[in-house]
Amino acid sequence: MMTTTIAPAAVLQTAWREIRLSWLFISADRWTTIFPATCFVTAAVVHARLPPSAAAVTLVGGALYFWLFVYEHTLANQLVGVEEDRVNKPFRPLVTGQSSVRGARLRLNAVRVLFPVYGYCLGVLEWALMWQILSLLQHEYGWGRHWLGRNLYAGVGVVAQLAAAWEMVTGMSPDAWRWIVTLAITVTLLMSVQDLRDITGDRAVHRSTMPLVFGERPTRVFLCAGFALGPLAIHHFLMEPAGPHWWIIATDVVLCGLSLLLSVRVVLARGREQDQRSYRLVEQWYTLALAASVYTLR
């Protein structure tokens with residue numbers, strides 16, 4: 001009888017290709033998922049006072065969880081948006097040919113099995129399933145084609161993301177919920193900033209986004225007001241409870257400055273390239289806010 005063996009080098013090459021390809025799918029969303037969520041895992045680790053060895057294992061496990069978290073989203077999102085991506089994001093793997101549609105579907109099916117299993121192992125199965133339900137609503141049942149569904153997907157997704165980040169380390173606390181709810185509401189109200197850069201592609205596929213439904217100018221005015229008022233909520237709910245320490249005040253000032261800069265940018269800095277920069281600034285604001293949770297939720 002003949003047996004077929006697979007060379008270790010071939011296995012490693014295949015594994016590396018899959019890791020690299022997954023990065024190509026998720027790289028544009030790393031600042032809204034892997035980095036900020038891992039910051040919140042770090043905050044929970046500090047809050048729970050885990051020993052260094054346990055902390056290191058938890059952080060690596062958390063980063064892998066959020067890699068799968070965003071991989072499921074990007075696979076599902078890009079599979080239903082190939083034609084739109086030809087206009088708005090021509091660098092994505094399904095447009096460039098670095099992945100076939102069939103290959104992406106197979107990977108999505110695999111992640112949809114692996115992700116909740118891994119979530120169960122980390123003790124956050126309910127949040128993993130919540131994210132999967134949201135993803136199905138968004139990509140398979142039409143939420144993504146309506147501006148309200150898109151914003152709710154982002155906001156409720158913050159709950160699924162940050163609650164899992166905290167609970168994989170320790171039990172939920174009122175302070176953790178205060179952060180989660182504040183950021184979820186903020187993201188729900190202001191996430192339409194991402195639609196400003198994609199107006200051309202969204203119009204081409206008849207997607208209902210806030211700028212296309214209410215008009216670009218009213219949307220920019222709404223976002224301007226939201227970013228201008230946002231620092232009041234961040235100060236009251238996130239920073240002030242941590243006490244009048246100089247590092248808290250400095251963080252408050254930086255977050256406020258970024259928010260006010262965005263308030264000006266969404267009105268004055270227009271055009272696809274400028275709107276893309278504004279959205280990247282929102283991602284950096286979100287990551288910085290969650291990085292601050294490490295020393296405000298101790």
Side-chain angles (χ1 to χ4, degrees), residues 26 29-48 50 55 58-74 115-116 118-135 137-138 150-191 193-194 230 233-242 248 251-252 255 258-259 282-298:
I26 73 173
D29 296 288
R30 63 192 184 276
W31 288 102
T32 56
T33 50
I34 298 175
F35 295 162
T38 304
C39 285
F40 209 56
V41 175
T42 306
V45 164
V46 172
H47 178 81
L50 295 188
T58 300
L59 290 174
V60 172
L64 177 58
Y65 175 87
F66 290 109
W67 190 296
L68 294 172
F69 178 101
V70 67
Y71 197 22
E72 175 166 341
H73 160 78
T74 53
F115 178 59
Y118 187 50
Y120 173 79
C121 293
L122 294 179
V124 294
L125 176 61
E126 68 274 27
W127 303 116
L129 293 176
M130 178 180 178
W131 179 240
Q132 289 196 314
I133 291 169
L134 285 170
S135 181
L137 290 172
Q138 174 81 354
R150 289 166 64 82
N151 284 31
L152 285 173
Y153 175 66
V156 180
V158 167
V159 177
Q161 177 191 94
L162 299 184
W166 194 270
E167 280 208 329
M168 67 177 63
V169 181
T170 186
M172 294 300 297
S173 68
D175 286 339
W177 273 122
R178 175 166 43 81
W179 271 73
I180 293 169
V181 172
T182 299
L183 290 174
I185 292 173
T186 300
V187 167
T188 300
L189 292 175
L190 300 178
M191 203 59 193
V193 68
Q194 70 177 330
I234 299 304
H235 168 76
H236 180 72
F237 292 109
L238 304 188
M239 298 294 117
E240 189 176 38
I248 301 297
T251 303
D252 209 358
L255 290 174
L258 285 174
S259 192
V282 172
E283 293 179 319
Q284 292 159 15
W285 176 93
Y286 182 66
T287 300
L288 179 59
L290 284 163
S293 70
V294 175
Y295 52 83
T296 57
L297 285 173
R298 296 180 64 178

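- Ring geometry for Phe40 against Trp166 counts as tilted: the plane angle lies between 30° and 60°, on a 0 to 90° scale.
- For Tyr118 and Phe115, the ring centers are positioned 6.0 Å apart or more.
- Closest heavy-atom contact between Ala242 and Ile248: CB-CD1, 3.7 Å.
- The two atoms that bring Ala37 and Ala165 nearest to each other are O-CB, 3.6 Å, heavy atoms only.
- Of the residues Thr186, Thr296, Leu183, the one that meets the side-chain contact (heavy atoms from CB on, under 4.5 Å) test with Leu238 is Leu183.
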Subject >> Verdict with supporting geometry, Trp285 and Ile234, side-chain contact (heavy atoms from CB on, under 4.5 Å) >> reply: CA-CA 12 Å; Trp285 176 93; Ile234 299 304; 3.8 Å; yes

Subject >> side-chain contact (heavy atoms from CB on, under 4.5 Å) assessment of Leu258 paired with Leu288 >> reply: CA-CA 10 Å; Leu258 285 174; Leu288 179 59; 3.9 Å; yes

**OP:** Start with the C-alpha distance between His47 and Asp175, add both sets of side-chain angles, then the distance that settles side-chain contact (heavy atoms from CB on, under 4.5 Å), and finish with yes or no.
**Re:** CA-CA 11 Å; His47 178 81; Asp175 286 339; 5.7 Å; no

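- Annotation: the span from Leu152 atom CG to Gln138 atom CD amounts to 9.5 Å, rounded to 0.5 Å.
- Side-chain contact between Leu255 and Met239 is present, with heavy atoms from C-beta onward closer than 4.5 Å.
- To the nearest 0.5 Å, the span separating CH2 on Trp67 from CD1 on Ile34 amounts to 5.5 Å.
- Here the shortest heavy-atom pairing between Ala128 and Gly119 reads CB-CA, 4.5 Å.
- Between atom CG of residue Asp29 and atom CD of residue Glu283 there is a gap of 7.0 Å, rounded to the nearest 0.5 Å.
- Of all heavy-atom pairs between Ala184 and Gly155, the closest is CB-O, 3.5 Å.
- Taking Thr287 as the reference, Trp31, Phe35, Pro36 meet the side-chain contact (heavy atoms from CB on, under 4.5 Å) condition, with sequence neighbours excluded.
- Nearest heavy-atom pair across Leu189 and Asn151 is O-ND2, 4.4 Å.
- One distance of note links CG of Leu134 with OH of Tyr153; it measures 7.0 Å at 0.5 Å rounding.
- Tyr286 is linked by a side chain to side chain donor-acceptor pair (under 3.5 Å) to Gln161, counting only residues two or more places apart in sequence or in another chain.
- Taken from CG in Leu68 to OG1 in Thr33, the straight-line distance is 11.5 Å, to the nearest 0.5 Å.
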Original post:
Hey, mind stepping through Leu290 and Leu162 against side-chain contact (heavy atoms from CB on, under 4.5 Å) and telling me if it holds?
Top reply: CA-CA 10 Å; Leu290 284 163; Leu162 299 184; 3.9 Å; yes

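- Here the side chain of Arg298 pairs no donor or acceptor atom with the backbone of Val46 at under 3.5 angstrom.
- Using a 4.5 Å heavy-atom cutoff, the side chains of Met130 and Val156 are in contact.
- Rounded to the nearest 0.5 angstrom, Tyr120 OH and Glu126 CD are separated by 12.0 Å.
- Inter-residue side-chain proximity for Tyr65 and Val41 is flagged as unmet; no heavy-atom pair is nearer than 4.5 Å.
- A pairwise comparison of heavy atoms in Ala55 and Val45 identifies CB-CG1, 3.5 Å as the closest pair.
- A donor and an acceptor atom, one from each side chain of Glu72 and Trp131, are nowhere located under 3.5 Å apart.
- Remark: Ala63 engages Thr38 in a side-chain contact (heavy atoms from CB on, under 4.5 Å) (not counting sequence neighbours).
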